**Student:** 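Mind having a look at this structure? Questions to follow.
Being a predicted model, the structure only gives us computed values, none of them experimental.
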Amino acid sequence: MAQRSSLTPPYEVPVLAVCFLACVAAGLELSVNNHAADFSLSTLPGPAVSFSCLVQNSSQAEELLWYRGDGKVGLKDGNKVNVSNICVSPVTESDNGVTFTCKLARDKSVQVSVILDVQFPPQLTGEESLQIEEDKDVTLSCNAKSNPQAQTAWYKDNTTLTLQHNRYQLYQTSEVFQLFITRVQKSDNGTYTCLAKSALGEGRKDFHLIVEDKKPVFPKEAVIAAAVVVTVTVLFGIVARKDKICKV
């Protein structure tokens with residue numbers, strides 16, 4: 001009678017079990033708000049936004065996880081199995097670009113993400129007064145953050161600013177719009193306006209620039225010499241006064 005080979009792997013059954021579980025997990029799908037793939041959701045600040053994650057093709061209870069960015073969202077016990085809902089309320093500008101992800105607890109590679117696209121107009125307001133000495137540099141800076149990104153422009157005394165070569169420089173990012181003026185002159189006196197426009201609205205900020213006379217600069221040697229003269233004069237006066245008192 002043939003004997004069973006002793007080379008049969010002792011862990012054959014557990015390996016098959018692991019494979020079976022992996023295959024089952026791989027057959028599952030998730031959907032968020034009826035989207036089975038990653039998507040972007042456009043909204044405005046204020047109203048609440050809800051996300052509903054649903055397990056597809058499941059023959060058993062499946063636990064779900066939610067993440068905001070890299071942080072795990074706390075869920076109540078009755079909001080974890082097969083269906084899970086979260087709510088973002090209120091939606092703010094800081095939620096723009098944030099990713100919310102629903103994952104299968106036992107196989108986190110099964111997941112669906114949604115990116116919040118929070119749209120808001122530029123919010124430039126107010127005014128600012130700046131006093132600067134002639135021949136010095138000055139920077140006018142305004143926060144032009146918006147979504148979608150706004151078109152920006154600078155005005156002087158309500159007229160489009162003509163950029164003089166080597167005197168005016170513009171610096172712009174998605175959030176900041178700056179005007180840099182090199183060696184200001186008296187002719188630079190006036191009101192400068194930063195204007196930002198988008199499809200959702202516009203914002204503006206005024207800068208009242210006052211260019212002051214250049215202050216005279218004295219050499220340090222002259223200041224020291226003047227101080228010495230004053231000191232000697234005072235001391236001489238004191239000595240002279242003492243001499244006068246002694247003579248009386």
**Student:** Within the supplied structure, the quantity of interest is the number of heavy atoms (other residues, nucleotides, ligands) at a distance under 6.0 Å from F180 CZ; does it exceed 12?
**Tutor:**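 Count over threshold, so yes.
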
**Student:** Among side-chain atoms of E93 and Q123, is any donor-acceptor pair under 3.5 angstrom?
**Tutor:**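 Side chains of E93 and Q123: pair found under 3.5 Å.
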
**Student:** Say whether, by atom type as modelled, one donor and one acceptor occur between the side chain of D107 and the main chain of L104 under 3.5 angstrom.
**Tutor:**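 Judged by distance alone, no pair lies under 3.5 Å.
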
**Student:** Tell me, do T99 and V114 make a side-chain contact under 4.5 Å, heavy atoms counted?
**Tutor:** no

**Student:** Using a distance-only test with no angle check, is there a side-chain donor-acceptor pair under 3.5 angstrom linking E127 and H208?
**Tutor:**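 Side chains of E127 and H208: pair found under 3.5 Å.
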
**Student:** More than 12 heavy atoms of other residues, nucleotides or ligands under 6.0 Å from NZ of K80: yes or no?
**Tutor:**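 Counting neighbours around NZ of K80, more than 12 heavy atoms of other residues, nucleotides or ligands fall under 6.0 Å, so yes.
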
**Student:** Tell me whether F51 is reachable from I115 by hopping between hydrophobic residues (I, L, V, M, F, W, Y) whose side-chain heavy atoms are closer than 4.5 Å.
**Tutor:**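 I115 does not cluster with F51.
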
**Student:** Would you say L209 and L170 are hydrophobically clustered, going by side-chain heavy atoms of ILVMFWY under 4.5 Å?
**Tutor:**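 Shared cluster, yes.
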
**Student:** Taking side chain as C-beta onward, heavy atoms only, is V55 less than 4.5 Å from V83?
**Tutor:**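 V55 does not reach V83 side chain to side chain.
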
**Student:** Between Q172 and T152, is any side-chain donor less than 3.5 angstrom from a side-chain acceptor?
**Tutor:**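 T152 and Q172 do have a side-chain donor-acceptor pair below 3.5 Å.
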
**Student:** For the backbone of K215 and the side chain of E133, can you confirm whether one donor and one acceptor N or O come within less than 3.5 Å of each other?
**Tutor:** yes

**Student:** Look at the side chain of N57 and the backbone N and O of L28, then say whether any donor-acceptor pair between them is shorter than 3.5 Å.
**Tutor:** no

**Student:** Could you check if a side-chain atom of L64 sits within less than 4.5 angstrom of a side-chain atom of K103, using non-hydrogen atoms only?
**Tutor:** no

**Student:** State the CG-OG distance between L116 and S40, to the nearest 0.5 angstrom.
**Tutor:** 8.0 Å

**Student:** So, R167 and D137, do they make that salt bridge, N to O below 4.0 Å?
**Tutor:** no

**Student:** Using only heavy-atom distances, determine whether the side chains of D188 and Y168 contain a donor-acceptor pair under 3.5 Å.
**Tutor:** yes

**Student:** To the nearest 0.5 Å, what is the distance between CD on Q60 and CD on E62?
**Tutor:**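 Taking CD in Q60 and CD in E62, the distance rounds to 4.5 Å.
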
**Student:** Which atom names give the shortest non-hydrogen contact between S198 and P122, and what distance separates them?
**Tutor:**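 Closest pair (atom of S198, atom of P122, distance): OG-CD, 3.5 Å.
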
**Student:** Does the side-chain hydrogen bond (donor to acceptor under 3.5 Å, both in side chains) test come out yes or no for Q56 and S31, once each step is laid out?
**Tutor:** CA-CA 7 Å; Q56 308 281 354; S31 66; 3.1 Å; yes

**Student:** Closest heavy-atom contact between C87 and A48?
**Tutor:**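 Minimum heavy-atom contact is SG-CB, 3.8 Å.
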
**Student:** Are side-chain N/O atoms of T101 and W66 paired as donor and acceptor at under 3.5 Å?
**Tutor:**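 Not at all, the side chains of T101 and W66 share no donor-acceptor pair under 3.5 Å.
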
**Student:** Partners of Q119 by side chain to side chain contact (heavy atoms under 4.5 Å, CB included), sequence neighbours excluded?
**Tutor:**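 Per chain and number, Q119 pairs via side chain to side chain contact (heavy atoms under 4.5 Å, CB included) with S42, L44, D117, N147, L200.
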
**Student:** Looking at OG of S50 and CD1 of I86, how far apart are the two atoms once the value is rounded to the nearest 0.5 Å?
**Tutor:**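 S50 OG to I86 CD1: 9.0 Å, rounded to 0.5 Å.
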
**Student:** Drop me the distance from R204's CZ to C142's SG, to the nearest 0.5 angstrom.
**Tutor:**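 Taking CZ in R204 and SG in C142, the distance rounds to 11.5 Å.
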
**Student:** Minimum heavy-atom separation for A196 to A150, with atom names?
**Tutor:** CB-CB, 4.0 Å

**Student:** If you round to the nearest 0.5 Å, how far is SG of C194 from CG of L124?
**Tutor:** 5.0 Å

**Student:** So, for K205 and T125, which heavy atoms are closest and what is the spacing to 0.1 Å?
**Tutor:** CG-O, 3.7 Å

**Student:** In the single-linkage hydrophobic clustering (I, L, V, M, F, W, Y; side-chain heavy atoms under 4.5 Å), do V112 and L75 co-cluster?
**Tutor:**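 Shared cluster, yes.
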
**Student:** Is there a side chain to side chain contact (heavy atoms under 4.5 Å, CB included) between W154 and Y192 once you walk through the steps?
**Tutor:** CA-CA 7 Å; W154 281 99; Y192 293 78; 4.3 Å; yes

**Student:** Are L54 and V110 connected in the hydrophobic side-chain network, where two residues link if heavy atoms are under 4.5 Å apart?
**Tutor:** no

**Student:** Are L195 and E202 close enough, and set up right, to give a side chain to side chain contact (heavy atoms under 4.5 Å, CB included), and what steps lead you there?
**Tutor:** CA-CA 7 Å; L195 182 65; E202 69 175 51; 3.8 Å; yes

**Student:** Taking atom types as modelled, find out whether T159 and D157 have a side-chain donor-acceptor pair closer than 3.5 angstrom.
**Tutor:** no

**Student:** Salt-bridge test for E63 and R106: reply yes if a basic N is under 4.0 Å from a carboxylate O, no otherwise.
**Tutor:**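 No salt bridge links E63 with R106.
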
**Student:** So does Q151 have more than 12 non-hydrogen atoms from other groups sitting under 6.0 Å from CD?
**Tutor:**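 Incorrect, the count does not exceed 12.
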
**Student:** For the residue pair P45 and V118, establish whether any side-chain heavy-atom pair is separated by less than 4.5 Å.
**Tutor:** yes

**Student:** What are the two closest heavy atoms between S58 and N82, and how far apart are they?
**Tutor:**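 In terms of heavy atoms, the two residues are closest at OG-OD1, 4.2 Å.
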
**Student:** Side-chain heavy atoms under 4.5 angstrom apart, residues restricted to Ile, Leu, Val, Met, Phe, Trp, Tyr: same cluster for V32 and V49?
**Tutor:**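 Linked within one cluster.
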
**Student:** Taking C-beta and beyond as the side chain, do N143 and V176 meet within less than 4.5 Å on heavy atoms?
**Tutor:**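 Counting from C-beta outward, N143 and V176 never come under 4.5 Å.
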
**Student:** Going by the rule salt bridge (Lys or Arg N to Asp or Glu O under 4.0 Å), which residues pair with E134 if we only count those two or more places apart in sequence or in a different chain?
**Tutor:** none

**Student:** What I'd like to find out is whether the side chain of P47 reaches to under 4.5 Å of the side chain of V91, using heavy atoms alone.
**Tutor:** no

**Student:** Got a second to check how far K156's NZ is from L161's CG, nearest 0.5 Å?
**Tutor:**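 Here the interatomic distance stands at 7.5 Å.
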
**Student:** For the pair N85 and S52, evaluate side-chain hydrogen bond (donor to acceptor under 3.5 Å, both in side chains) and give the outcome as yes or no after the intermediate values.
**Tutor:** CA-CA 4 Å; N85 301 289; S52 180; 2.8 Å; yes

**Student:** Can you name the closest pair of heavy atoms from D70 and Y67 and give their distance?
**Tutor:** O-CD2, 4.0 Å

**Student:** So, Q178 versus S141: side-chain donor-acceptor pair below 3.5 Å or not?
**Tutor:**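 Result is yes, a qualifying pair exists.
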
**Student:** Between the side chains of T191 and D206, is a donor N or O closer than 3.5 angstrom to an acceptor N or O?
**Tutor:** no

